[in-house]
Amino acid sequence: MIELDQRLISQLTSIADVMLPETPQMPSVSGTGSFEASLLKVLDSRPDLAKGLKTAIDLLPKETFQLSDLDELLTKDPEAYTALTTIVAASYYQVKEVKVRIGYPGQVPKTYDPYAYVEWVQEGLLDPVVERGQIWKDPREEVK
Amino acid sequence: MAREENIDVLIIGAGASGGVAARHLAEKGFSVVCLEQGEWPDRNDFRGAEDDWELAIRKDWALSPNIRKLDSDYPVNAEKSDIDPLMFNAVGGSMVIYAGTWPRMLPSDFRVKSLDGVAEDWPIDYFELAPYYDQIDLEIGVSGLAGDPAYPAHPDYPLPPLPLGKAGRKVAQAHNDLGWHWWPEPNAILSAPYDGRNPCVQRGVCTSGCGEGAKASTDLTHWPKAIGAGAKLITSARVRKITVNDQGLATGAVWVDPEGREFHQSAKVVILAANAIGTARLLLLSKNSMFPNGLANSSGLVGKRLMMHPFAVVTGWFDESLEGWQGQFGASITSYQFYETNPQHDFVRGAKWALSPVGGPLNHVLPMRAGTEVWGEQHHELMNRTFGKGATWAIFGEDLPEESNYIELDESLSDSSGIPSPKVHYKISQNSKRLMGFQVERAEESLRAAGASDVTTANLLRYSGWHLMGTAKMGDDPAKSVVNRFQRSHDVENLYIVDGSVFVTSSGVNPTATITALALRTADNIVKSRSLQAVPS
C-alpha cells in the first residue's frame, strides 16, 4: 500500500477543489471539512487505486492545474485518470453533508406493502394491456 | 493422486443449474458430489449496505472476473470479443450477482427457423418446458403477476409483484397512452417472507449480492435442501478434466485444490454445470486419443455458437425525484412491445425491456455514464439535473447463433492452478446492430412519453455478457448438435450438460429461468431413465 503523506493530500485537495468547486448549493471538496477523513476511508476500501492516484498527482501540474489537464491525463495514463476521478468523487459523496445536500440517504432499506399492487390493478392501470389481448405468437398456429 | 469413492452423479459447478440438479437427484436417492471452484458466499462480505458499495462494485464485486481477479476466478481472454463475459464463481454461481429478473422464454423463441427462417428450431417447445417453469417458479420464490398477454397462461407466481415504484408507474402510464405493452416484471426476489427467507428491502444493490437473501440464488434455494438430502458439496475444487474409459464413458473428473493437490472423483454419471464458457473450456481440456477434438465434440460444435445478448441502457431524466437509486434491480416493469419479428423491419427477432434503478452518485458522474466532461461547476449542475431523477430501460436483444463466435483454449493465459483459460472470439452481428438501434429509438420514445426532459443512451455495451449461451447446442442430429433433447451428450452416454451451453438460440430474455427449468427437466429424466443409463463398469 502506498502511503499518502500530507504533501500529496494537500496537492490532491487543490486538484479536487478545481474538479468539484464551491457553488451556492454545494461545498467545494475542501469546504466539506472532512475530505481527508473520507479520502482515507476510500483508500482503505480500494487500496488498488492508490498507485494510480499517486501517479495522477505526480503527472498533473500542482499550482496551475485546470480541468483541461484531465484530458491530457486521460490520454497519457487512463489508469491514473480512473483512479483520480473515482477517488475524488467517492470521497466527496461519502461526506455526510454532501449526501444530505443531494438528498441521498445511501442504499437504505425501505418497507412497503407487498399487496399494494391490488390498488393499482383495481384502479385499472393494467386494463389497456389486458384489453388489447394476446400478443404472443403461437408457433403451433403460425407454422401450419 | 487421491482417489475417492465411486458415486452416482458428479456435478461440476454449484451455480443455478448445478444446484437444481443436485437437489432433485439427491432427493430421489442418488449419491451426489458437486465440485465447485468458488466458495460459499458470506453475506457479511456483501457491500450493499455499506458506504463503499459503489467502490466495491468496481473491483471486488465487479461483474467481470477479469476485473475482480479473485482466487476463485479464472481469467477470460476477451481481446477478440466485442463483449466481455460476466460471471461469478461461488456456490450459487452467477446468481449471486445477477439482477434477478425471471422471465420465461416465449413460445416463438423455440421456433425461429420455422417462424423467421433464421438459425434453428429447438428440439423441444415452450409447452413441453412449461410444467418445469411452473415448478421452478415455486422453488425459487418468484414475485410477479400472472396474466401477461405476452405469454401463454400459466399458474400465478407464489408471491405478489414487487413495487412498481414512481418510475414504473410513470412509464406504465406512458405505455398505456402509447398503446404499448408493459407488465410488472417477474423477479426471483421475494416480495414477502417465503421458505424461511426474508423479503426484499429495495436497496437496489441486487447485482452485487443480496445481503437480505431475498434474491434467489441456489446457495439459498437449493443447496441447503440438496445437502439435507445427502449431496456432498466440495468448494475450492477446480476441475482440470473429465476422465473417460476405453468404452468412451465418463468415469469422473480430475480436480485440484488451492494448494495444488490433485484428486480424482469417480462417478457413474457426470453433469457439467459450469456455464457456457466454463463447460466448453472443460470439454476442450478433456481431449484424449479417443476424443482428439475435445470431449463430446464429434460435431465440432463444442465452444461454437456463443451467444451473449447485445445490450443497451436508455435512461430518461425527469424533473422530479424518482428516488432512482432505490428499488429492485431486478426490474419494476417489462415490455415485450417490440419482441417478435416484424416484416417491416430490416432485422429479425426483437428485444425485451426491463425498467431498472440508476444507482448511486458515482454511477451518475463517472465516465461510463457521464463521459469525461463532468468536472468543474457543470458537475454540480449535472448532479442537480440527474441524481435520483432517472429511470433506465435495460434492453437485451436476441443474439442469433453464429459459428464464428466461439471459445478456444488460450495458448498462454491460465488460471491460478495453471489450467489454460478460455479465449473468446465474438463479434456483434449486423442483425443485432440494426435490432438494437431500433429498440433504443423506441425506448427513447417511451421515456419521453413518460415525461423525461432528457434521454441518454449507451448502446452495445462492452461489459454486458451476463447471458452465456450456446456452446454445446441441443439437438436431435448428432452431426449438428452436442447434446440430445434431454441434454445428454450424443458421444458420451453418461455425460450431461445442464447450463446455458445447450441453448439452440438465445431468445431475447434473461436465461436463468430457462436454464433452471431445463436442469430440472434433465434431472427428472435421469431419474426416470436410471435403469437404462449406461455407466462405466
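Numbered from 1 within each chain, the chains take letters A, B, ... in sequence-line order. The analysis underlying the following values was restricted to heavy atoms, covering all of them including side chains, and did not include hydrogens, waters or symmetry mates. Because the structure is a prediction, the values reported are computed rather than measured.
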Which one, [options], leads in non-hydrogen pairs under 4.5 Å with chain A?
options	result
B/Gly48, B/Ser191, B/Pro152, B/Gly359	B/Pro152
B/Gly327, B/Ser321, B/Ala192, B/Pro163	B/Pro163
B/Gly179, B/Ala56, B/Gly388	B/Gly179

Please classify the contact between [X] and chain A as side chain, backbone, both or neither, with a heavy-atom cut-off of under 4.5 Å.
X	value
B/Arg58	both
B/Phe387	side chain
B/Trp182	both
B/Ile333	neither
B/Pro184	side chain
B/His181	both
B/Leu159	neither

Checking the side chain of B/Arg203 only, and the main-chain atoms of A/Gln107 only, is there a donor and an acceptor separated by less than 3.5 Å?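 Confirmed, B/Arg203 side chain pairs with A/Gln107 backbone.
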
Distance-only, no hydrogens or angles: does the B/Asp52 side chain make a donor-acceptor pair with backbone N or O of A/Val42 under 3.5 Å?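 No, the answer is negative, given that no donor and acceptor are paired below the 3.5 Å cut-off.
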
Interface residues of residues 28-40 of chain A facing chain B - heavy atom cut-off under 4.5 Å: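 Within residues 28-40 of chain A, near chain B: nothing under 4.5 Å.
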
Can you name the closest pair of heavy atoms from [X] and [Y] and give their distance?
X	Y	value
B/Thr341	A/Lys137	O-NZ, 3.6 Å
A/Trp136	B/Ala150	CB-O, 3.0 Å
A/Ser45	B/Leu55	CB-CD1, 4.2 Å
A/Leu125	B/Ala172	CD2-CB, 4.3 Å
A/Leu67	B/Gly376	CD1-CA, 3.7 Å

Checking A/Thr85 against B/Leu366 for the side chain to side chain contact (heavy atoms under 4.5 Å, CB included) test, could you report, in this order, the C-alpha distance in whole Å, the side-chain angles of both residues, the deciding distance, and whether it holds? CA-CA 7 Å; A/Thr85 53; B/Leu366 288 181; 4.3 Å; yes

Hey, does B/Asn384 have a side-chain heavy atom less than 4.5 Å from the side chain of A/Ile102?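 A side-chain contact under 4.5 Å is absent here.
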
Given side chains that start at C-beta, do those of B/Tyr339 and A/Ile135 come closer than 4.5 Å, heavy atoms only?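 A side-chain contact is absent here, since even the closest heavy-atom pair is not under 4.5 Å.
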
List the steps and the verdict of side chain to side chain contact (heavy atoms under 4.5 Å, CB included) for A/Val130 and B/Trp183. CA-CA 10 Å; A/Val130 174; B/Trp183 201 260; 3.9 Å; yes

In a table with atom names and distances, give each donor-acceptor pair under 3.5 Å that connects a side chain of residues 108-120 of chain A to protein atoms at least two apart or in another chain.
| unit_1 | atom_1 | unit_2 | atom_2 | d |
| --- | --- | --- | --- | --- |
| A/Lys110 | NZ | B/Glu323 | OE1 | 3.1 |
| A/Tyr112 | OH | B/Cys200 | O | 2.9 |
| A/Asp113 | OD1 | A/Tyr115 | N | 2.8 |

With sequence neighbours excluded, residues passing side chain to side chain contact (heavy atoms under 4.5 Å, CB included) with B/Asp51: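 Listed in chain order: A/Lys41, A/Gln94, A/Lys99.
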
Applying side chain to side chain contact (heavy atoms under 4.5 Å, CB included), run through A/Asp48 and B/Lys59 and close with a yes or a no. CA-CA 9 Å; A/Asp48 59 296; B/Lys59 180 59 181 165; 3.8 Å; yes

Between B/Glu54 and A/Arg46, does any side-chain N to carboxylate O distance fall below 4.0 Å?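 Between A/Arg46 and B/Glu54 there is no salt bridge, as every charged N stays at least 4.0 Å from the carboxylate O atoms.
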
Once you round to the nearest 0.5 Å, how far does CZ of A/Arg101 lie from NE2 of B/His380?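 Output value for this atom pair is 10.0 Å.
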
List in chain and number order the residues that pass ring pair (Phe, Tyr, Trp, His ring centres under 6.0 Å) with B/His379, two or more places apart in sequence or in another chain; answer none if no residue qualifies.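 Testing B/His379 for ring pair (Phe, Tyr, Trp, His ring centres under 6.0 Å), a comparison that skips the adjacent residues, returns A/Tyr93, B/Trp375.
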
Evaluate the ring planes of B/Trp325 and A/Tyr104, with Trp represented by its six-membered ring, and classify them as parallel (under 30°), tilted (30 to 60°) or perpendicular (over 60°).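 Plane angle over 60°, so perpendicular.
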
Does the structure place the NZ or CZ of A/Arg140 under 6.0 Å from the centre of the six-membered ring of B/Phe127, at an angle of no more than 45° from the ring's axis?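 Yes; both conditions hold, so A/Arg140 lies above the ring face of B/Phe127.
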
